[in-house]
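Below, read A as the first sequence line, B as the second, and so on, with proteins coming before strands; counting in each chain starts at 1. All values reported here derive from a predicted model rather than from experimental measurement. Below, each value reflects all heavy atoms present in this structure, side chains not excepted, and no hydrogens, waters or symmetry copies.
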Number of protein chains: 2
Amino acid sequence: MADDPTDRTPRTLTAPDASAAASFVAAAVERDALATLFGRCTVEYDGRAASSLASGDRHVMLKPDGTALVHTDEGQKPVNWQPPGCAHECRANGGDLVVESVRDSPAERLTVRFSAVAFAAAFDPTDEESLDVVGTEADLKRRILEEPGLVESGFRPLATERQTPAGAVDVYGEDDAGRTVVLELKRRRVGPDAVGQLNRYVEALERDLHAGATIRGLLVAPSVTERARALLAEEGLEFVPLSPREES
Amino acid sequence: MADDPTDRTPRTLTAPDASAAASFVAAAVERDALATLFGRCTVEYDGRAASSLASGDRHVMLKPDGTALVHTDEGQKPVNWQPPGCAHECRANGGDLVVESVRDSPAERLTVRFSAVAFAAAFDPTDEESLDVVGTEADLKRRILEEPGLVESGFRPLATERQTPAGAVDVYGEDDAGRTVVLELKRRRVGPDAVGQLNRYVEALERDLHAGATIRGLLVAPSVTERARALLAEEGLEFVPLSPREES
DNA sequence: AATTCCATGTCGTTG
DNA sequence: CAACGACGTGGAATT
């Protein structure tokens, strides 16, 4: 059974010594299994930045796509990690189990050194499904294109992702007076950054079309912070309250 | 041994039925252990957005701080998750194990329904250590304050985090001609967003000080993209190449 | 490979 | 609690 590659039974190991753990993890990595380890370890990282973490109990996951994750008992983000595409290696060193995940470009190395492994497990996951998310900026755009009057009476969308020297505009169109209108869409409450983004597009289009062109810039989002509202006013831009999901 | 709260041996369960798995996970959550599950499940999420994921093999982690993570065999980010502060519940329902993590404000619910649990484990992690990272924007600031000439000959820093109507400026100072200088620092190669940020600060200060004030805005980063460079030129801003770590 | 921008971003700090 | 900005942001789409 242990040699059947279609076997979905997990392999496990409790309190192994370093060499048993190394063999176990090496075999799991070799056969593209998802390996997990729990135990007392230190973690070193060097690459885009560098970090060091003293000894403590952590959970380590090695994925077959080259991802490595180190989790403590707190936080949604791993305390250390390595992105997909890395090569996982492991070896016994002294009495320790050393797990390393390495990649080039950028050159990065993650080193986890276990002084004690409490537990190891390896799984062979099969997952053909993909996630379907609702309530994104794309949904907001869809809503607007289906019902332009949600933005304002008489608004007519002419293009999406229209290019400008400053980047692509989310939605480009005209108002009922024939003036050019630029929409910047956000799925949630917006701060000053989104105002800056919209302003870049408006200024780029004003330069690009012709000197005297009057272009309206509308920030479309569920709500806006005070500072963002002040910036909008300074720049002569407008805010339109609208949510990606039907309710507001 | 199983009742010793200081016991660091993990508890494990292989191919449990739904009610055994539910008891096991409930006990782990109750005693603030870190619980992991591996098996075939569906995942539903509703909250800031909403999502649905059909049946597949996944790894689920429930942390004592209320974090929930659902990982597939690919990717650094969990396919679904719930942030710290959630309440974990679990129950047997039909032949399934249902795990839910819920929070209010914002109202969010994650529901994982296992048709089969291949494996469950619970750990009692102790981790007093905190991570030390090097190569951040704070390091870049430190470098500049220790050796202002790295920015340009004669630069004199006067304040950090100086407030403006548009937010706080990273570093505020004067050049050798006595002109006001604003620095925006970035730890890595920058795009148009950072230029917009710097421009907001410069314009706010020009308004704030007096009408005719000439203020130099310097973007300090390892490098800059072409579009960002063009935007800098348009706005009359400058770029200074400098890295958070000693080398460039 | 590089650029740009969205994200259920997450996370820390500050008011 | 809201707001603001950094992050080893990650990830997708486009060039």
Atom pair CG (A/Asn80) and OG1 (A/Thr42), whose distance is rounded to the nearest 0.5 Å: 10.5 Å

I need a per-nucleotide contact map over nucleotides 7-15 of chain D, read 5' to 3'. Cutoff is protein heavy atoms under 4.0 Å; write B for the base, S for backbone only, - otherwise. SBBSS----

Remember a base hit wins even if backbone is also touched, and classify B/Glu161 as base, sugar-phosphate or nothing at under 4.0 Å, heavy atoms. nothing

Does a side-chain N-to-carboxylate-O contact under 4.0 Å join A/Lys141 and A/Asp170? no

Which residue lies toward the 5' end of DNA chain D, B/Ser105 or A/Val190, if each is placed at its nearest nucleotide? B/Ser105

Would you call the rings of B/His59 and A/His59 parallel, tilted or perpendicular if under 30° counts as parallel and over 60° as perpendicular? tilted

Roughly, in whole Å, what's the span from CZ in A/Arg189 to P in C/dC6? 18 Å

Within the structure shown, what part of the strands sits under 4.0 Å from A/Arg200 by heavy-atom distance: base, sugar-phosphate, or nothing? sugar-phosphate

Calculate the interatomic distance between B/Leu140 atom CG and D/dG5 atom C1'; express it in whole Å. 15 Å

Mind calculating the distance between CZ (B/Arg229) and C1' (C/dA2) to the nearest angstrom? 15 Å

Could you give the distance separating C/dG9 and C/dC5 at their C1' atoms, to the nearest angstrom? 13 Å

Quick one: label A/Ala228 by what it contacts on the DNA or RNA (base, sugar-phosphate, nothing), any heavy atom closer than 4.0 Å. nothing

Using whole Å, what does the distance between atom P of nucleotide D/dA6 and atom CG of B/Leu185 come to? 9 Å

Taking atom P of D/dA3 as reference, at what distance in whole Å does atom CG of A/Asp193 sit? 13 Å

Atom-pair distance (CD on A/Glu74; C1' on C/dG12), nearest Å: 14 Å

Taking OP1 and OP2 of D/dC4, is either one under 4.0 Å from a side-chain nitrogen or oxygen of B/Tyr201? no

Under 4.0 Å, counting only non-hydrogen atoms across every strand here, what does B/Ala166 touch: a base, just sugar-phosphate, or nothing? sugar-phosphate

Under the side chain to side chain donor-acceptor pair (under 3.5 Å) rule, collect the residues that match up with A/Asp46, sequence neighbours excluded. B/Arg245

Heavy-atom contacts under 4.0 Å between residues 63-72 of chain B and DNA chain C, which residues? none

Nearest-Å distance for atom pair NZ/C1', residues B/Lys141 and C/dT13: 12 Å

Just to be sure I understand the rule, does A/Pro192 reach a base, reach only the sugar-phosphate, or reach nothing, if contact means heavy atoms closer than 4.0 Å? sugar-phosphate

Main-chain N/O of A/Gly75 paired to B/Asp65 side chain as donor or acceptor, under 3.5 Å: yes

For the pair made of CG in A/Asp139 and P in C/dT8, what is the distance, rounded to whole Å? 11 Å

Hey, does A/Gln82 have a side-chain heavy atom less than 4.5 Å from the side chain of A/Glu108? yes

How long is the gap from CZ on A/Arg207 to CD1 on A/Ile215, to the nearest 0.5 Å? 10.5 Å

When you check the gap from the basic side-chain N to the acidic O, do B/Glu44 and B/Arg109 get nearer than 4.0 Å? no

Would you compute the distance between atom CG of A/Leu198 and atom CG of A/Leu218 and round it to the nearest 0.5 angstrom? 7.5 Å

Taking C-beta and beyond as the side chain, do A/Gln76 and B/Pro84 meet within less than 4.5 Å on heavy atoms? yes

